[in-house]
Amino acid sequence: MTMPVSELLEHRRLLVVAGAGGVGKTSTAAALGLAAAQRGRRVGVLTVDPAPRLGDALGIDELSDRAQAVELDSIPRNGACLHAMRLDAKRTFDRMVERFAPDRDSAEALLENPVYQRVAGSLGGSEHYMAFQRLYELVGEDDHDLLIVDTPPAANASELFSAPLRLSDLIDTGAASLLAEPSRLLARAGSTLARASFALVLAVLQRVVGSETQRQVSEFAEMFAHLLEGLEIRVREVDALLKSPHTAFILIARPDPDEVDAVLNFHAALHRNEVKPQLLIANRLTPPPGHEREQAAAQRLRGAPRGTLAVVEHMEAELDSCRAREEQALAELRSILEPMDTPVVAIPSLAGDISSLSDVETLAAQFD
Amino acid sequence: MGAAARGSRTALVRIHGHDAGSRPSHDAGHTAGGEPSSLREFVVDEREALADFVTSVVRFGFVAKRLLDSRTFASLAAAAPGVKDLVTLAAVADIAAGKRGEEFDLLVIDAPASGHSLPLLTAPTQVAELIPFGPVATAARRVNEMVYDPCLFSCVVVAIAEELAATEALDLWRSLRSAGIETSAILVNRLLNESLTDGQRAWLAKKRVSPDALYYDANSMRQRILIERLEEESGPALKLPEYRGKTAAAESAEIAEILSCLGKSLNLDYS
């Protein structure tokens, strides 16, 4: 049977690796990248993790916003490559300002605005959004056949998708221009009663934030409002990119019965956002027992140091219990997700943590 | 549960409802004797916290409602950095101050995942820098009086003994300390509770009779190395064993027992 991941590695343009924290997203993204590069593709892996994990695993001292090459003999020398980068949300936002400001002076004024400097990179909880935004930039640069984004840990898919929606909402509601010129709120009000209550709302807003802050925010909002048209287009473009047939979402999860509901909720929420996950990787499965287990422990351990039988029996029983739980979780996930065209692939746990290039190669070999 | 079982008025506060959805607050838990404990549970929902906060500032109910119903306000509140975190912590401060109709001796806050905890706890400072006057600034100061008082507030960083989780735990530990927020200990969860002696390990490796035991032992050894790394920086870590397969009640009871012993070393004298 062809590994379902092969099609994704060989033909897709973008892979979005998503899941909760601690399930192995970063190492899986690195391994997927390497597996694709070994198939001859030019691959870029973007991590949003500020910790040096991806860099460490790929043998790069310090990851930055710009692509850095991973040197490996197993990558064919026919133009294939593996690059790694780390998201810098603030710089990505700065580039959006430079791109969409009406002129250079406006861009500089906004970049220097104290309110912008405080909120850039976190506006709308935008780490998730900026990851997609950076991905969009990278697609435009056309240096890679395949881009893989290792998304921030998200407990649920709505967290992943709500940032672009929040930014989009901010644009749709005209909130920025209202902040820049609050009196517009009054002009919008239809009736006398509505005008009176909006006047009260404005007074309250001024009381809440203070007049000096309101002035600073107004200046920021006025400058920011000039970007909105461009941003609105970009929000739509990023959304279209994520829903394009060239993009695939890969969910990573631990095969644990306690986590099944959370995984199914994540999957369902992606569907609600019109994204169909192409694959679920059930990560870090306990390795299967060896054939020697057919023999009773007492027989196998004859002649072993004192106390070995008890400790080995306990350890084997614990691992059997883990396997049973993992099987249960896998069966449940497969029975629900595979009829919905999301294949479930189980990847066994490696002997240790993924901390070096050879560990990443071992993990990548699982996708052959 | 350990504190509540000893008669301390305790509240478990789940932030963002990240584990409990929008479950309403309720009494939770029982003492070892089976009688109801004095443990209460609150789920702080950020939307409700925002509504409470706006209502408390605006005072005129219909104006607050108009503001809260406005899509413009909702989009601004959702996009503005730190606002949700500030109102969430303000709700916690209200519970701590007994403004929810009950007084508590101890609040245990189940905070969001490590990457979100520092932004949550430092949001009031950032909001106060942006908005230095008015009710928002007052709320931020009130929250900070709680968060930055080491006699009132301390963080226990919880991690499982895996490379990524341990690195994140250490990052959070360092960040909290450099932000001036009191930290008590790192708690390492889901520890494997068996390991082989050197002689057993060598014998099993030579005879190749139980790869399972060697696999288990290798994981156990790796956990110990990670704990040593954590302890170099944080001092003695609190350790909890793996509870996979046990019922939630059995797990809670055992954890409560272990924590009640360890609590003394943390100066969490809630008896």
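In the text below, chain A, chain B and the rest are named by the order of the sequence lines, each starting its count at 1. Please read these numbers as outputs of a predicted model, since none were measured by experiment. What's counted below: heavy atoms across the whole structure, side chains too, no hydrogens, waters or symmetry copies.
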**Prompt:** Heavy atoms, side chains only, cut-off 4.5 Å: are Y216(B) and H314(A) in contact?
**Reply:** yes
**OP:** Let me see the working for L196(B) and M315(A) under side-chain contact (heavy atoms from CB on, under 4.5 Å), right down to the final yes or no.
**Re:** CA-CA 10 Å; L196(B) 299 167; M315(A) 288 174 167; 4.0 Å; yes
Max heavy-atom pairs within cutoff under 4.5 Å with chain A, candidates S220(B), G199(B), P211(B), goes to P211(B)
Turns out that what part of E318(A) lies under 4.5 Å from chain B's heavy atoms comes down to side chain
Notebook entry, point to check: Under a 4.5 Å cut-off applied to non-hydrogen side-chain atoms, are D212(B) and R323(A) in contact?
Noted result: yes
Are L301(A) and L204(B) side-chain neighbours, meaning at least one heavy-atom pair lies under 4.5 Å?
yes
Cut-off 4.5 Å, heavy atoms of chain A, and the answer for L214(B) is neither
Looking only at G24(A), S27(A), P305(A), the option with the highest number of non-hydrogen pairs under 4.5 Å against chain B is P305(A)
Honestly, the part of R293(A) sitting under 4.5 Å from a heavy atom of chain B is side chain
| request: Flag the pair E162(B) and R284(A) as a salt bridge only when some basic side-chain nitrogen lies within less than 4.0 angstrom of an acidic carboxylate oxygen. | output: yes
For residues E316(A) and S210(B), is any side-chain donor paired with an opposing acceptor at under 3.5 Å? yes
Under a 3.5 Å cutoff, is there a donor and acceptor pairing between the side chains of Y215(B) and T286(A)? no
Checking V311(A), V312(A), L309(A) against Q200(B) for side-chain contact (heavy atoms from CB on, under 4.5 Å), the one that qualifies is V311(A)
